[in-house]
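Down below is the structure, laid out as C-alpha cells.
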Amino acid sequence: MAAEGAGRAADAPGWFEAGLPHIWLPYTQMAVEPPPLAVSSTDGVHIDLADGRQLLDGTASWWTACHGYNHPHMVAAMTEQARRMPHVMFGGLVHEGALRLARRLAAVTPGDLDRVFFSDSGSVAVEVALKMALQYWVNAGETGRTRFVCFEGGYHGDTLGAMAVSDSEQGFAATFRGALAAQITTALPRTRAAAAEFESLLDSRRGEIAAIIVEPLVQGAGGMLFHDADTVASVAAAARSRGIPLIADEIFTGFGRTGQMFACQAAQLVPDIMCLSKALTGGAVGLGATIARPHIFDAFLGDDLACAFMHGPTYMANPVACAAANASLDLFESEPRLDQAARMEALLRQGLEPLRALEGVADVRVLGAIGVVELDDLPLPLLYRLRRGFIERGLWVRPFGRIVYLTPALVMEDAEIDRLCAGIGEVLRGI
Ligand SMILES: Cc1ncc(COP(=O)(O)O)c(C=O)c1O
C-alpha cells in the first residue's frame with residue numbers, strides 16, 4: 001500500500017508494510033481510505049515522516065500537544081520519572097507526582113474544585129464523572145436520579161456511557177443508539193426564552209436528573225460549535241438553583257485552548273465536577289482527571305464501603321503521566337501560553353476570515369487557538385481529496401464531518417500559523 005497522498009510505497013519502511021495488515025485504525029473505513037502516513041518522529045510543531053517529508057501540524061495531535069512536541073522540559077521530567085518508577089498501582093499506594101499534581105490542579109481549576117480522581121483518558125474521565133453524579137444521589141438516598149441532561153452537538157467520548165450523553169443524532173453514537181442509556185438531550189439555551197424553556201425541562205424531569213453535562217464555550221468533536229459565556233452561565237445558574245450537579249467537560253477546552261486556562265472561567269462559573277484530559281499532559285501521554293467540589297466528595301464519606309467510589313482504572317495516576325502533567329503546568333507558569341493563545345486568535349481570524357467569501361464555505365469561526373472553516377457539505381471523496389491536498393503542501397490538517405479546523409500548538413510561530421491558513425485557502429480553492 002502506498003502512503004497517503006503520495007504513492008511512495010518504495011519509501012515505506014519495513015515495519016510499515018509488515019505491520020499494516022494487522023492494525024485496526026480509528027474512525028477509518030479501511031476498505032477504501034488511503035493508508036495512514038508512517039511517522040518517524042515529532043519535533044516542535046512538526047511531524048517527520050519516515051520517507052523524509054515533514055508536515056507542519058495544524059492539529060497538535062487532536063489538540064493535545066499545547067507546548068509542541070518533545071518539549072525538553074517535559075521530556076526530561078518523563079525520562080527521569082521512567083528511570084525511577086514508570087508505574088505503581090494506585091490502590092493503597094500514592095506517589096509524589098500524583099499528590100503534587102492533585103494539589104496543583106485543585107489550585108489552578110476554578111473555585112473549590114478540590115478532589116482529583118485520576119484515570120487514563122478523556123472518555124474514562126467522563127465515565128467517572130457520570131458515575132460520581134449517579135452515586136452522589138444514591139448515597140443521599142435518591143435512587144431515581146439516573147438520567148443526564150446533555151446537549152445537541154455534544155461529544156464526550158467513545159465509551160458507551162460517554163456516547164450516551166453525546167449527541168446521538170450525529171457522529172458515531174447513532175450506530176449504537178439501541179444499546180445506549182436514554183438521556184435527556186436538548187438544545188443549548190442560547191436565548192432568554194430558551195433558558196426559560198430549559199428551566200421548565202429541568203423542573204418537569206426533576207426527580208430523574210442526576211447531573212447536567214456540558215462542554216463550556218466549544219462543543220469540540222461534535223462539530224466545533226461555539227456558544228457564548230452567557231449560555232453556559234445560564235445552564236450553570238439553572239443547575240445551581242435546583243441543586244443539580246453540573247459536570248463541565250473541559251477535555252477539549254481546558255489548558256488555554258479557548259484563550260483562558262479553562263473555559264468555565266469565561267463564564268465565571270464553578271462546575272461541581274470538571275473533566276480534564278488531552279492537554280493535561282501537554283499531549284505526551286494519556287491521563288484523565290475528574291475533579292469534584294467538596295460537597296460531592298463528602299457525599300461518599302461514611303462507615304460503609306458501599307458508599308465509597310468503587311472505581312479504579314489500573315493505570316490511574318501513572319507516574320510518567322503525572323510527571324508530564326506537572327511539567328506541563330510548569331510551562332504554563334513559566335511561559336506565556338495564554339498570551340500566545342490570544343495572539344493566535346488574532347492571526348487565525350486574519351487568516352481564515354477571508355475564506356468566508358469562498359463558494360461552499362458555510363461559516364468561519366475563531367475562538368482562542370481554535371480556527372474553524374465549516375463547509376456546506378463534504379462528501380467522503382472530497383474529504384479524502386482535501387486531506388491529500390494538505391499533505392501535498394506539507395501540512396497536517398485533518399478535516400472531519402463538514403469541518404476544516406486548526407488547533408495548533410500554542411507555541412506556533414506567526415509565520416507558521418499564516419502558512420496553515422494560506423494552505424487551507426489554497427486547498428479549498430483547488431476543489
Ligand atoms: C470534550 C471531549 N470529551 C471527551 C473526549 C474523549 O477523550 P478521549 O478520546 O481521550 O477518550 C474528547 C475527545 O475528543 C473530547 O473532545
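Atoms within each ligand, like the ligands themselves, are counted from 1 in listed order. Positions are given from 1, in the same order as the sequence printed here.
- Of all the atoms in ligand 1, the ones that sit under 4.0 Å from a non-hydrogen atom of Trp63 are 14 (O).
- Not counting sequence neighbours, the partners of Asp112 by the salt bridge (Lys or Arg N to Asp or Glu O under 4.0 Å) test are Arg293.
- Residues Leu55 and Leu49 are in side-chain contact: their nearest non-hydrogen atoms beyond the backbone lie under 4.5 Å apart.
- You'll find the ring centres of Phe297 and Phe117 outside the 6.0 Å limit.
- The residues Glu199 and Arg242 are annotated as salt-bridged, a charged nitrogen and a carboxylate oxygen being separated by less than 4.0 angstrom.
- For the pair Gly220 and ligand 1, no heavy-atom separation below 4.0 Å is found.
- Given atom 16 (O) of ligand 1, the protein heavy atom at minimum distance is Phe252 CB, 3.8 Å.
- Lys278 places none of its side-chain heavy atoms less than 4.5 Å from the side chain of Phe252.
- Tyr155 CE2, 3.6 Å is the protein heavy atom nearest to atom 12 (C) of ligand 1.
- A side-chain donor-acceptor contact under 3.5 Å links Asp330 and His73.
- For ligand 1, the atoms lying closer than 4.0 Å to a non-hydrogen atom of Ile251 are 2 (C), 3 (N), 4 (C), 5 (C), 12 (C), 15 (C).
- Nearest to atom 4 (C) of ligand 1 among the protein's heavy atoms is His156 O, 3.2 Å.
- Every N/O-N/O distance between Gly157 and ligand 1 stays at or above 3.5 Å.
- Inspection of the Asp158 and Tyr27 side chains reveals an N or O donor paired with an N or O acceptor under 3.5 Å.
- Where the criterion is an N or O separation shorter than 3.5 Å, residue side chain and backbone included, Ser123 meets it with respect to ligand 1.
- Nearest to atom 10 (O) of ligand 1 by heavy-atom distance, out of Cys275, Ala248, Gly122, is Gly122.
- Ligand 1 has no nitrogen or oxygen under 3.5 angstrom from a nitrogen or oxygen of Glu215.
- Listed by number with element, the atoms of ligand 1 under 4.0 Å from a non-hydrogen atom of Asp249 are 1 (C), 2 (C), 3 (N), 4 (C).
- In this structure, Tyr315 has its ring center closer than 6.0 angstrom to the ring center of His87.
- The shortest heavy-atom distance from Trp62 to ligand 1 is not under 4.0 Å.
- Residue-ligand proximity: Glu250 is placed with every non-hydrogen atom at 4.0 Å or more from ligand 1.
- Residue Lys278 has at least one heavy-atom neighbour below 4.0 Å for each of these atoms of ligand 1: 12 (C), 13 (C), 14 (O).
- Atom CZ of Arg100 has more than 12 heavy atoms from other residues, nucleotides or ligands within 6.0 Å.
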